[in-house]
Amino acid sequence: MIKTIITLAIVMTGLVISGCTDSEPATKQQFNHTLPVVPVAVDVNIGEALADPYAHETIRVTGIVNQTIDVTGYTYMEITDSTGSLWVAGYSTQLDNGTEITATGNLQIEFASTQLGRTFDIILFADSVSDGTTSVSNSPHGGPHGSGDIVTCDINVTPVDGGTRIEDIQSMSAALDGQVVKVSAVVVINVELIDEYFLTLDDGTGQLKARCPNTFNVSLGDSVVVTGSVMTDVDLGNGNCYEVLLQITDVE
């Protein structure tokens with residue numbers, strides 16, 4: 001009896017060992033972080049844009065400048081084509097009536113301009129406006145929950161020791177996700193929220209959106225050295241989604 005039990009134990013042990021040997025090793029769990037797809041601008045005419053403002057996330061439309069209105073920091077442009085007229089908001093620029101421009105950006109309905117004291121039924125917030133020779137980049141309405149003032153000038157900031165250029169943060173965002181970086185830049189947009197600033201930083205190589213606690217003293221046009229964590233694929237709600245966002249923890 002004892003001999004039989006020992007024999008069975010040996011057989012069972014062999015099966016267990018054989019099972020462990022023949023099975024595939026456990027696959028190491030990989031962290032799969034996929035950046036959101038950048039929306040492709042869809043070419044539409046003005047009539048199509050007005051008929052369905054929500055048809056496309058980003059559009060590109062061409063028209064003739066009918067009139068312009070300059071306010072602090074940016075320019076409103078009414079453009080027309082054979083299908084209708086549309087208001088466009090972009091960085092301050094000088095455009096003569098009759099100039100043909102192409103604007104790329106996002107449509108918004110019922111936008112109330114405090115500076116003009118009027119509401120636009122539909123308006124295009126332009127990421128870029130071009131007449132073939134003049135290019136205006138980045139919408140002045142780029143922050144969440146409203147618009148902020150902007151700075152427009154040539155920027156070329158010397159990086160600090162151990163600092164990271166904005167173009168490198170943008171190009172290596174997946175590798176830098178969750179990492180702490182130091183950036184030397186100019187504050188070109190400053191949207192003041194309840195308990196924080198929503199900034200756009202520019203160092204001459206690119207622009208970067210950033211959240212900054214209002215415990216720091218940050219003003220439009222400041223040259224700053226900020227330290228913060230890189231975050232990717234950020235959804236702040238209400239349609240405010242960002243491929244890359246810097247959460248600032250220190251300002252020098």
Backbone N or O of [Y] within a donor-acceptor pair of the [X] side chain at under 3.5 Å?
| X | Y | answer |
| --- | --- | --- |
| S171 | E167 | yes |
| N66 | G98 | no |
| T249 | T227 | yes |

Residues in side-chain contact (heavy atoms from CB on, under 4.5 Å) contact with [X], at least two apart in sequence or another chain:
| X | result |
| --- | --- |
| P53 | L107, I109, I122 |
| S219 | N217, D222 |
| D81 | N45, I46, T83 |

ILVMFWY cluster membership beyond I64 - transitive side-chain contacts under 4.5 angstrom: none

Apart from V180 itself, what residues make up its hydrophobic cluster, given side-chain heavy atom links below 4.5 Å? none

Taken to the nearest 0.5 Å, the spacing of L199 CG from C212 SG works out to 5.5 Å

To the nearest 0.5 Å, what is the distance between CG on L124 and OG1 on T104? 8.0 Å

Just one of Y76, F111, W87, F120 clears the ring pair (Phe, Tyr, Trp, His ring centres under 6.0 Å) bar with F125, so which one? F111

Less than 6.0 angstrom separating the ring centers of F198 and Y242, yes or no? yes

Is it true that V251 and V225 fall in one hydrophobic cluster, defined by side-chain heavy atoms closer than 4.5 Å? no

Would you kindly confirm whether L201 and V160 end up in one hydrophobic cluster when ILVMFWY residues are joined by side chain heavy atoms under 4.5 Å apart? no

Flag the pair E252 / V226 as yes when at least one side-chain heavy-atom distance between them is below 4.5 Å, and no otherwise. no

Quick one: are V65 and E78 in side-chain contact, heavy atoms under 4.5 Å? no

Distance alone, cut at 3.5 Å: any donor-acceptor contact between the side chains of Q207 and D202? yes

Those residues that, when tested against T62, pass side chain to side chain donor-acceptor pair (under 3.5 Å) (two or more places apart): T102

